[in-house]
*Asks:* 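What follows is a structure written as structure tokens; I'll ask about it next.
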Amino acid sequence: MDREVAIITGGSRGIGRAVAIAMAKRGRDVVINYSGNEGAAKDTAKECMKSGVKAVVVQGDVAAHEDCVKILDRAVNEFGRVDILVNNAGITKDNLMMRMSAEDFDSVLNTNLRGPFILMKLTSKIMMKQRYGRIINMASVSGILGNIGQANYAASKAGIIGLTKTAARELASRNITVNAVAPGFIETDMTRAMGQKILDEMCSQIPVKRQGQAEEVANAVAFFADKENGYVTGQVLCVDGGMCM
Ligand code: NAP
């Protein structure tokens, strides 16, 4: 039987890397997209292949329409199908709203929201023909609670929740589920950039009193990606140590 195929955007590092490895461990071939860090993407692929699956890497900026086409073409040319799309790639360009440039606002929205929209639009065509698919979008607690200094990021992540619910409604009859995972503070390069003092302060306010691990987010993604979970769609699952309850 053909193995399922999963595309993971931003699969070179952090949460995306953990998701790619989780997919591979569950027997899926993986397409690992990255933006600039080819070495890290190849390393993730190597780790995935230890599970006996195929793994390919593809460079592409999800903010660019033609790169989204390239990522999908690579998956189809290599494997002939796409069962799972994980829109994970994301960036931050934090600043107080008063100081935030319109360029930084657009840039974050283009990567975090427009990119997933284009990829969902393109991939769902294939999934509709297959009459099967699983789409998982990476949101954030910032998109639910808002966060000082993250007007652009919070808007992109709130937007992805609306996009997820709309796509879930539009694609449900074709056996395609669309769900979102909303991580809290997860230990990756993205949060390491905040500095230890801020992280310690943040952790003191999280009910479980610690940062989450990328693997803990990957487990939630794996739940939504499972063929057995076709009756769960349009949901947002917070993996946040209790921040959003
Ligand atoms: P990360 O460690 O900074 O890794 C970001 C990943 O995205 C890298 O693989 C990077 O590729 C890729 N990427 C960045 N811009 C891209 C673009 N334009 N096109 C394609 N790939 C791009 O981030 P992370 O912490 O793992 O976060 C992953 C996702 O979870 C993001 O959507 C983020 O918003 C969300 N999230 C994270 C946290 C957290 O606490 N870490 C919390 C809530 C939500 P290169 O390696 O090539 O640069």
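As the structure lists them, so they are numbered: ligands from 1, and atoms in each ligand from 1.
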*Asks:* Considering only heavy atoms, which of Gly212, Ser140, Ala89, Gly184 lies nearest to atom 42 (C) of ligand 1?
*Replies:*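 The nearest heavy atom belongs to Gly184.
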
*Asks:* Taking NZ, NE, NH1 and NH2 as the nitrogens, is one of them in Asp189 or Arg192 under 4.0 Å from a carboxylate oxygen of the other?
*Replies:*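 Salt bridge between Asp189 and Arg192, a charged N being under 4.0 Å from a carboxylate O: yes.
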
*Asks:* Can you pull out the closest protein heavy atom to atom 36 (N) of ligand 1? Residue, atom name and distance to 0.1 Å, please.
*Replies:*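 Result for atom 36 (N) of ligand 1: Tyr153 OH, 3.4 Å.
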
*Asks:* Are side-chain heavy atoms of Asp29 and Met23 found at a separation under 4.5 Å?
*Replies:*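 SC-SC contact between Asp29 and Met23 ruled out.
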
*Asks:* Taking only distance into account, with no hydrogens and no angle test, what donor-acceptor pairs under 3.5 Å do side-chain atoms of residues 166-175 form with protein atoms, sequence neighbours excluded?
*Replies:*
| from | atom 1 | to | atom 2 | distance (Å) |
| --- | --- | --- | --- | --- |
| Thr166 | OG1 | Gly162 | O | 2.9 |
| Asn175 | ND2 | Arg131 | O | 3.2 |

*Asks:* Considering only non-hydrogen protein atoms, determine which one is nearest to atom 31 (C) of ligand 1 and report residue, atom name and distance to 0.1 Å.
*Replies:*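 Nearest protein contact, heavy atoms only, for atom 31 (C) of ligand 1 is Asn88 O, 3.1 Å.
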
*Asks:* Check this for me, if you would: do Glu78 and Lys54 make a salt bridge, where the nitrogen-to-carboxylate-oxygen distance has to be below 4.0 angstrom?
*Replies:*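 Lys54 and Glu78: not salt-bridged.
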
*Asks:* Are Val62 and Leu122 joined in one hydrophobic group, where the rule is that I, L, V, M, F, W and Y side chains link up if heavy atoms are under 4.5 Å apart?
*Replies:*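 Same hydrophobic cluster.
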
*Asks:* Going by the atom numbers of ligand 1, which of them fall below 4.0 Å from some non-hydrogen atom of Ile91?
*Replies:*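 The list of qualifying atoms is 14 (C), 15 (N).
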
*Asks:* Counting non-hydrogen protein atoms only, what is the nearest one to atom 43 (C) of ligand 1? Give residue, atom name and distance.
*Replies:*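 Looking at atom 43 (C) of ligand 1, the protein heavy atom closest to it is Pro183 O, 3.3 Å.
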
*Asks:* Is there a polar contact, in the sense of an N or O pair closer than 3.5 Å, between Gly10 and ligand 1?
*Replies:*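 So ligand 1 has an N or O lying under 3.5 Å from an N or O of Gly10.
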
*Asks:* I want to check something: taking the side chain as every heavy atom from C-beta on, are Val236 and Asn179 in contact at a cut-off of under 4.5 Å?
*Replies:*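 Result no, sub-4.5 Å side-chain heavy-atom pair not found.
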
*Asks:* So which heavy atom in the protein is nearest atom 40 (O) of ligand 1, and how far is it from that ligand atom?
*Replies:*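 Looking only at protein heavy atoms, the one closest to atom 40 (O) of ligand 1 is Ile186 N, 2.8 Å.
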
*Asks:* Quick one: which ligand 1 atoms are inside 4.0 Å of a heavy atom on Gly60?
*Replies:*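 Near Gly60, meaning under 4.0 Å from one of its heavy atoms, ligand 1 has 19 (N), 20 (C).
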
*Asks:* For atom 9 (O) of ligand 1, what's the nearest protein heavy atom and its distance?
*Replies:*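 So the nearest neighbour among protein heavy atoms is Ser12 OG, 2.6 Å.
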
*Asks:* Quick one: does Val141 get an N or O within less than 3.5 Å of an N or O on ligand 1?
*Replies:*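 No, Val141 has no N/O under 3.5 Å of an N/O on ligand 1.
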
*Asks:* In the protein, what heavy atom is nearest to atom 10 (C) of ligand 1, and what distance, to one decimal place, separates them?
*Replies:*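 Among all protein heavy atoms, the one nearest atom 10 (C) of ligand 1 is Arg13 NH2, 3.7 Å.
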
*Asks:* Run the numbers for me: atoms of ligand 1, each under 4.0 Å from some heavy atom of Gly36, listed by number.
*Replies:*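 Close to Gly36: 45 (P), 47 (O).
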
*Asks:* Cation-pi between Lys42 and Tyr34: NZ/CZ under 6.0 Å from ring centre and within 45° of the ring axis?
*Replies:*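 Not flagged: Lys42 not positioned over aromatic ring of Tyr34.
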
*Asks:* Decide yes or no for Gln211 and Thr191: does some side-chain heavy atom of the first lie under 4.5 Å from some side-chain heavy atom of the second?
*Replies:*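 They are in side-chain contact.
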
*Asks:* Just jot down the ligand 1 atoms closer than 4.0 angstrom to any heavy atom of Thr191, in number order.
*Replies:*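 Contacts of ligand 1 toward Thr191, numbered from 1: 39 (C), 40 (O), 41 (N).
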
*Asks:* In ligand 1, which numbered atoms sit nearer than 4.0 Å to a non-hydrogen atom of Ala139?
*Replies:*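 It comes down to these atoms of ligand 1: 44 (C).
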
*Asks:* Quick one: does Gln213's side chain get under 4.5 Å of Ile186's, heavy atoms only?
*Replies:*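 Contact flag for Gln213/Ile186 side chains = no.
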
*Asks:* I'd like to check which ligand 1 atoms, numbered from 1 as shown, lie under 4.0 Å from a non-hydrogen atom of Asp189.
*Replies:*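 Once the distances to Asp189 are compared, the set is 2 (O).
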
*Asks:* Looking at ligand 1, does any of its N/O atoms fall within less than 3.5 Å of an N/O of Ser35?
*Replies:*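 Right, the criterion is met.
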
*Asks:* How far is atom 25 (O) of ligand 1 from its nearest protein heavy atom, and which residue and atom name does that atom have?
*Replies:*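 Heavy-atom neighbour on the protein nearest atom 25 (O) of ligand 1: Thr188 OG1, 2.5 Å.
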
*Asks:* N/O to N/O below 3.5 Å, does that happen between Asp61 and ligand 1?
*Replies:*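 Checking ligand 1 against Asp61, an N or O pair does fall under 3.5 Å apart.
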
*Asks:* Are Val69 and Met127 linked, directly or through other ILVMFWY residues, by side chains that come within less than 4.5 angstrom of each other?
*Replies:*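 They do share one cluster, since a chain of ILVMFWY contacts under 4.5 Å joins Val69 to Met127.
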
*Asks:* Suppose I only count heavy atoms of Asn33 and a 4.0 Å limit; which atoms of ligand 1 are within that range?
*Replies:*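 In order of number, 20 (C), 21 (N).
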
*Asks:* Could you tell me if Lys70 and Gln59 have a donor-acceptor pair between their side chains, going purely by distance under 3.5 Å?
*Replies:*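 Yes, side-chain donor-acceptor contact under 3.5 Å.
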
*Asks:* Any ion pair linking Arg210 and Glu216 (charged N to carboxylate O, less than 4.0 Å)?
*Replies:*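 Result for this pair is yes, salt bridge flagged.
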
*Asks:* Would you check whether Ile15 has a nitrogen or oxygen atom less than 3.5 angstrom from a nitrogen or oxygen atom of ligand 1?
*Replies:*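 Yes; the residue has a nitrogen or oxygen that sits under 3.5 Å from a nitrogen or oxygen of the ligand.
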
*Asks:* Can Ala40 be said to touch ligand 1, with heavy atoms closer than 4.0 Å?
*Replies:*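 It does not; every heavy atom stays at 4.0 Å or beyond.
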
*Asks:* Against ligand 1, does Glu187 come closer than 4.0 Å with any heavy atom?
*Replies:*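 No heavy atom of Glu187 comes that close to ligand 1.
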
*Asks:* For ligand 1, which atoms, with element, lie under 4.0 Å from some heavy atom of Phe185?
*Replies:*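 Those of ligand 1 that fall under 4.0 Å from Phe185 are 40 (O).
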
*Asks:* Side-chain contact, heavy-atom cut-off 4.5 Å: Ile32 with Val56?
*Replies:*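 Heavy-atom side-chain distance check fails, nothing below 4.5 Å.
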
*Asks:* Between Ser204 and Lys209, do the side chains contain an N or O donor and an N or O acceptor separated by less than 3.5 Å?
*Replies:*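 There is no such pair between these side chains.
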
*Asks:* Looking at atom 30 (O) of ligand 1, what's its closest protein heavy atom, distance included?
*Replies:*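 It is Met138 CG, 3.2 Å.
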
*Asks:* If you measure every N/O of Ala63 against every N/O of ligand 1, is any gap under 3.5 Å?
*Replies:*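 No; every N/O pair is 3.5 Å or more apart.
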
*Asks:* Taking the side chain as C-beta and beyond, is there a heavy-atom pair between Ser101 and Asp104 under 4.5 Å?
*Replies:*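 Yes - at least one pair of side-chain heavy atoms lies under 4.5 Å apart.
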
